[in-house]
Amino acid sequence: MQSMSLAGYKMLHAAAIVYKNIAYLLSGTKGSGKSTTLLATLALSPDIAVLGNDRVAYMPKNDYVYCMDNSIRITQSTLDVLLKGFGSE
C-alpha cells in the first residue's frame, strides 16, 4: 500500500459503486454504514455495480478509482437494516 501512495494514489477507506461509467465513493469511518449503503444502493437500479468496498485507490492525476477489495462483509446489523428497509421483519 505504501508503494501505491508513493506512486500518487490516494488510499481511501471507502466503498465505491459505478453507475453509467461514473464512480461514486461512499466514505466514512468504520461502522458508519458504507457497506449497508452500498448494498441498499444496488437495489435502486440494475445498472449500478460494486466497484470496491472498504479500500479504494484514487488517482487524482487521471481522476480514476481503482478497486482494492470488492468483497462485502455483511454483519447482522447490516442485514437487519436492509431487511427493515425493504419491509421484511
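As the structure is a prediction and not an experimental result, all values here were calculated from the model.
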K.L.:
Table please: side-chain donor-acceptor pairs of residues 11-20 below 3.5 Å, with sequence neighbours left out.
P.N.:
residue, atom, partner, partner atom, Å
His13, ND1, Gly28, O, 3.2
His13, NE2, Asp54, OD1, 3.0

K.L.:
With Asn21, which residues qualify under side-chain hydrogen bond (donor to acceptor under 3.5 Å, both in side chains), at least two apart?
P.N.:
none

K.L.:
Who passes side-chain hydrogen bond (donor to acceptor under 3.5 Å, both in side chains) against Thr37, sequence neighbours left out?
P.N.:
none

K.L.:
Give, for atom CG of Leu51 and atom CG of Leu38, the distance between the pair rounded to the nearest 0.5 Å.
P.N.:
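Rounded to the nearest 0.5 Å, the CG-CG separation comes out at 9.5 Å.
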
K.L.:
Would you please name every residue forming a side-chain contact (heavy atoms from CB on, under 4.5 Å) with Asn62, sequence neighbours left out?
P.N.:
Met59, Tyr64, Tyr66

K.L.:
Using every non-hydrogen atom in the two residues, find where Leu42 and Val50 come nearest and quote the distance to one decimal.
P.N.:
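Minimum heavy-atom contact is CD1-CG2, 3.8 Å.
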
K.L.:
Please name all residues satisfying side-chain contact (heavy atoms from CB on, under 4.5 Å) with Pro46, sequence neighbours left out, ordered by chain then number.
P.N.:
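Partners of Pro46 by the side-chain contact (heavy atoms from CB on, under 4.5 Å) criterion come out as none, since no residue qualifies.
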
K.L.:
Check the pair Asp63 / Tyr58 against side chain to side chain contact (heavy atoms under 4.5 Å, CB included), numbers first and verdict last.
P.N.:
CA-CA 7 Å; Asp63 209 27; Tyr58 170 66; 2.6 Å; yes

K.L.:
Under the side-chain contact (heavy atoms from CB on, under 4.5 Å) test, which residues partner Ser77, sequence neighbours left out?
P.N.:
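Ser77 satisfies side-chain contact (heavy atoms from CB on, under 4.5 Å) with Thr75 only.
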
K.L.:
Just wondering, do Leu25 and Val65 contact through their side chains at under 4.5 Å, heavy atoms?
P.N.:
yes

K.L.:
Does the side chain of Leu44 reach to within under 4.5 Å of the side chain of Thr41, using non-hydrogen atoms?
P.N.:
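The answer is yes; the side chains approach within 4.5 Å.
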
